[in-house]
Structures are given as structure tokens and as C-alpha cells.
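Single-structure report; data block below.
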Amino acid sequence: MPKVVTRFAPSPTGNLNVGGIRAGIFAYLFARHNGGKFIVRIEDTDKERSKKEFEDNIFESLAWLGIDIDATYRQSKHAARYEELLRKLIAEDKIYVAKEEPKEPDGRSEVIRFRNPNKIISFFDAVHGQIEFDTTELKDFIIAKSFTEPLFHFAVVVDDWDEGVTHVVRGEDHISNTPRQILIQEALGVPRPKYAHLPLIVSSDRSKLSKRKGAVAITEYKKLGYVPEAILNYDSFLGWHPAGEKEIYSKEELITEFTLDRVQKSPAMFDETKLLWFNHEHLKKLSDSEYAARLKEFAQKDVDPRLVPLLKEHAKTLKEAAKALEDEFDFLGGIAYKPEFLLQGGKITAEVASNHLKTLSEILQNIPDEGFTPAQLKDILWPYATDQGRGEVLWPLRVALSGREKSPDPFTLCSILGKAETLERIAQALQKL
RNA sequence: GGCCCUAUCGUCUAAUGGCUAGGACAGCGCCCUCUCACGGCGUAAAUCGGGGUUCGACUCCCCGUAGGGUCACCA
């Protein structure tokens with residue numbers, strides 16, 4: 001039995017969002033850091049709200065983020081076990097069937113209540129330290145609707161025990177649930193796991209992040225062109241921070257660095273803008289071939305390897321990159337020259353543009369193929385452009401090569417196109433003037 | 001409202017009794033510049049308030065205040 005077993009226990013009542021996954025990420029990092037097991041338990045005891053599509057979404061999101069799972073469980077499959085334990089507790093008189101006046105239209109006339117010993121429960125939390133709670137105020141709380149329909153608290157305690165969970169790493173909203181779960185553990189005579197309650201992730205109004213308050217599904221970020229490395233990195237940095245000032249971490253580095261003692265106590269706000277920055281950084285870290293492969297997958301089209309280094313700098317998301325491919329980076333195929341573009345909407349006369357392009361063509365003619373690097377081309381063309389007026393020289397050149405109002409700079413264009421194509425395009429532009 | 005948790009720049013955070021309170025994102029300014037971006041440099045910006053403890057508090061204690069969580073036959 002591994003010394004550390006953590007679990008992520010989402011209920012399939014919605015798509016997994018960046019707030020919801022946070023507890024899962026921390027539980028995962030903690031388990032892996034300690035060479036332990038990470039399990040996922042689908043908490044689907046609420047038959048009304050649980051949906052298969054949401055369960056699928058949870059696993060899809062986890063897989064995309066690269067979070068590998070050692071075992072999965074589903075509470076709806078544990079009905080027999082719950083009933084067995086419920087019957088044991090009732091035989092021991094630790095719980096009892098209570099007659100009720102239904103408060104809701106579909107309420108039961110009988111439920112199962114826990115015989116509360118009304119004691120002070122004190123437990124140690126890895127993030128918050130010692131926490132004490134008088135359980136008297138909980139009264140004889142309901143732990144099951146019937147012998148075959150346990151409620152959340154009972155199911156959690158039974159499952160954590162049966163699944164060998166050693167560390168319960170979950171959101172801070174569960175702090176006040178902990179005492180009653182401990183009461184159930186004591187009634188069952190099962191060991192108490194260690195607890196770590198994570199600070200909540202809040203929306204811009206400081207309240208718990210929820211779907212209505214702008215929480216975006218993980219799968220939605222995928223569609224927006226985010227890479228999983230960025231989501232994982234950014235989410236990890238919400239409420240946790242390694243020593244040092246480095247911010248861009250791979251999954252492996254996060255696992256190496258993660259410890260509970262550096263987890264923050266106060267809630268953190270989700271900042272879309274900083275996530276965007278993390279995404280760009282991770283995109284830049286990708287090898288050119290990996291970048292091309294991801295962009296191809298995202299945009300569903302081949303990416304010319306010559307464009308990759310430019311795209312990496314230019315685009316903060318794969319979506320932006322895909323858009324650039326259709327727009328300012330779409331100059332490798334045939335281009336349609338528009339004289340008005342060449343003349344910067346009339347700011348430059350056809351005669352001036354024509355003369356400069358002819359001169360540039362002559363200069364370029366004399367540069368060897370090996371000299372067609374952005375830096376060398378700039379060194380050679382710069383003095384001429386500066387002397388003649390940069391706008392009048394470089395704008396027509398750039399448009400002659402790209403056919404576009406927006407594009408990479410002319411030196412980069414020459415370099416990517418190569419000497420022959422560069423001269424050919426200048427010649428074609430001259431014919432239009 | 002009861003109970004519980006929390007409190008450093010706008011945001012994420014560093015500093016676990018001794019610092020000019022550091023970094024990052026965003027902002028602002030400058031530079032780069034032929035376009036759109038990217039980039040470089042710089043700048044402004046914080047210890048919630050009040051009491052203690054201490055030679056010395058962001059750091060420890062208490063009281064306020066503020067925010068959040070939780071009080072379901074949801075999870």
C-alpha cells in the first residue's frame with residue numbers, strides 16, 4: 001500500500017472548469033511528488049443532476065491536461081457497500097430511522113439520521129493548522145435518504161476508507177463539512193485521513209468561482225487555442241508558489257517542487273490576462289516541430305515550417321496563430337498585388353515606388369543566397385532606406401513581397417522567400433505600377 | 001444570524017522577528033519601427049485599523065473591521 005493516496009472527487013453535474021480542476025491538480029501533484037497514487041472518484045449519488053456527458057467531459061479534460069489516473073471509482077456502483085455499513089451502524093444504534101414531516105413536495109416521510117455524540121472535534125489541516133469545531137450545532141444530521149440512498153458525507157467517508165485514501169486534498173468550502181465526516185469515521189471505526197483544505201478560487205467579485213460567475217470549462221480553453229501546459233502551470237500557481245522567481249514550469253517540474261507547506265491560505269482570483277501570458281510563454285517553449293504539429297491539429301491545415309518561429313513570437317494562442325495564417329502570414333502562396341496597397345493608399349507615388357523597387361532589386365541581385373538572412377539584409381538595405389526615406393522604400397518592398405497591408409518585416413520576408421522568389425515578386429509588382 | 005476560514009502593490013505572490021518590503025501579469029512612459037504584433041528599458045503601485053509582546057514586527061498574541069465559506073432528504 002503506497003504511503004500516499006489522494007483523490008479527486010468531482011460530481012458530474014457540469015463541465016469541468018478551471019476552478020473545479022484546481023483541487024484535482026493539487027491532489028495530483030501532491031500524490032506524484034510523494035510517489036503515491038492518484039485516484040478519481042465520480043460522485044454521482046445525485047441521480048437527478050448527474051449526467052454521462054459531464055463525466056465524459058471530466059475525463060477528457062483530465063487527459064488533455066496530462067493528469068494520469070491510477071484508478072477510477074464511481075459512487076453509484078457502491079450501493080451494496082453503503083447499505084451493508086448503514087445496516088451495521090443501525091444495528092449498533094449509531095444511526096436511526098426517523099419519521100419526518102416532509103418539508104419539500106418530494107420529501108420522504110422516513111430518513112436515516114446520525115446519532116450525534118455532540119462533542120468537540122479537533123483536526124489538523126495541512127494548510128490552516130489546528131481547527132476546532134463544536135458538532136452540537138449539527139444536531140442529528142441526515143446521512144441517508146434510505147438504506148440504498150446514502151448522502152454525500154456518508155458516501156465520502158466510506159469511499160475514502162475503502163479506496164485507501166490517506167490525504168484528502170480539497171477546496172476550503174469543505175472545511176465545515178470535515179467535522180461531520182470525522183464523526184461518521186469514528187462511528188464506523190475507520191482511520192482519519194490527513195486533511196489539506198485549499199483556498200478557493202474566486203471570481204472578480206471575490207465570491208466562489210462558478211459557472212455563472214465566468215468559470216470557463218477546460219475544454220473551452222482548448223478550443224480557444226490554449227495549451228494544457230499553460231492551464232496546468234497557471235492553475236498550480238493559484239494558491240501555491242514554489243521558492244524562487246521562476247514562473248514557467250513543466251508538469252514534471254511542478255511535481256518536483258510541489259509541497260503543501262507552500263500552499264496559500266487566502267483565496268486567489270482567476271486572472272484571464274495572466275493565463276494568456278502563461279500560454280504565450282509555453283507556446284514559445286515548444287520546439288518548432290511540436291509547435292507546427294499542435295497548430296496543424298488546431299487549425300486543421302499544414303503549417304509551413306518557415307513560418308513557425310514567426311508565429312511563436314506573434315501569437316499568444318493557437319487560435320491567434322491560426323488567424324495569422326489566414327491573414328498577415330498568408331503570403332507564401334500566390335498573392336494578388338493591389339497598386340493602392342503598394343502606394344500605401346496614395347501616400348507614395350507610383351514613380352517613387354517604382355524607382356525604389358528597381359534599385360532594391362539591383363542591390364538584392366548582388367547579394368549571394370547565403371546573405372539572405374534578416375540581419376544581413378537589414379544591414380545592407382538599411383542605409384539606402386534611411387537615406388531615401390524608410391517609408392517610401394520599405395513599404396513598397398514589404399507589400400511587393402507580401403501583397404498585404406500587414407505582414408512580417410521586409411527583411412524577414414526576403415529571407416523566407418529566398419533570393420529568386422524575392423526578385424520575381426518585385427518584378428511582378430513593378431508591372432502593376 | 002450561528003459557526004468556521006482569511007487579510008502584503010489593481011491581480012498572483014516573495015520576505016516564516018532584523019530588507020531601500022522583492023518578482024510576475026496588467027497599467028503608464030520611453031525606445032524599437034515600413035505595417036500588425038513581438039521585444040527592450042524605465043516608472044508608479046502594498047503590509048486593513050487599534051492595542052500589546054519585543055531592542056526590533058509584514059511576520060507572534062488580543063480586539064475591531066472587512067471579505068469569503070458553511071449551516072439541504074446537493075455534492
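In the text below, chain A, chain B and the rest are named by the order of the sequence lines, each starting its count at 1.
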Between Q130(A) and A144(A), which has a closest nucleotide on RNA chain B that is more 5'?
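The residue closer to the strand's 5' end, by nearest nucleotide, is Q130(A).
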
If each of E172(A) and K208(A) is mapped to the nucleotide of RNA chain B with the nearest heavy atom, which maps nearer the 5' terminus, i.e. the 5' end?
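Whichever sits nearer the 5' end wins; that is E172(A).
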
Rounded [atom1] spacing from [N] to [M] in Å:
{"N": "A15(B)", "M": "A24(B)", "atom1": "C1'", "result": "16 Å"}
{"N": "U33(B)", "M": "C38(B)", "atom1": "C1'", "result": "12 Å"}
{"N": "G18(B)", "M": "G2(B)", "atom1": "C1'", "result": "43 Å"}
{"N": "G40(B)", "M": "U20(B)", "atom1": "C1'", "result": "26 Å"}
{"N": "A21(B)", "M": "C9(B)", "atom1": "P", "result": "16 Å"}
{"N": "U54(B)", "M": "U13(B)", "atom1": "P", "result": "34 Å"}
{"N": "G22(B)", "M": "U59(B)", "atom1": "C1'", "result": "16 Å"}
{"N": "U47(B)", "M": "G10(B)", "atom1": "P", "result": "9 Å"}

[X] ring center near [Y] ring center (under 6.0 Å):
{"X": "F237(A)", "Y": "Y249(A)", "result": "yes"}
{"X": "Y195(A)", "Y": "H128(A)", "result": "no"}
{"X": "Y234(A)", "Y": "H282(A)", "result": "no"}
{"X": "F133(A)", "Y": "F123(A)", "result": "no"}

OP1 or OP2 of [N] under 4.0 Å from side-chain N/O of [X]:
{"X": "Q264(A)", "N": "A14(B)", "answer": "yes"}
{"X": "K139(A)", "N": "C71(B)", "answer": "no"}
{"X": "K284(A)", "N": "G39(B)", "answer": "yes"}
{"X": "W395(A)", "N": "C34(B)", "answer": "no"}
{"X": "T45(A)", "N": "A75(B)", "answer": "yes"}
{"X": "R206(A)", "N": "A66(B)", "answer": "no"}
{"X": "H128(A)", "N": "U6(B)", "answer": "yes"}

In whole angstrom, give the distance that lies between atom CD of E137(A) and atom P of G2(B).
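Checked: the CD to P distance equals 11 Å.
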
Tell me: CZ of F411(A) to C1' of U33(B), nearest whole Å?
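Atom-to-atom, F411(A) to U33(B), this comes out as 10 Å.
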
On the side chain of D271(A), is there an atom forming a donor-acceptor pair with the base of A26(B) - under 3.5 Å, no angle test?
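Answer is no: no donor-acceptor pair is held.
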
Tell whether K274(A) reaches the base of A24(B) with its side chain through a donor-acceptor pair below 3.5 angstrom.
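Yes, the side chain and the base share a sub-3.5 Å donor-acceptor pair.
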
Give me the ring orientation class for F38(A) and F8(A): parallel if the planes are under 30° apart, tilted from 30 to 60°, perpendicular past 60°.
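Judged by the thresholds at 30° and 60°, the geometry between F38(A) and F8(A) is parallel.
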
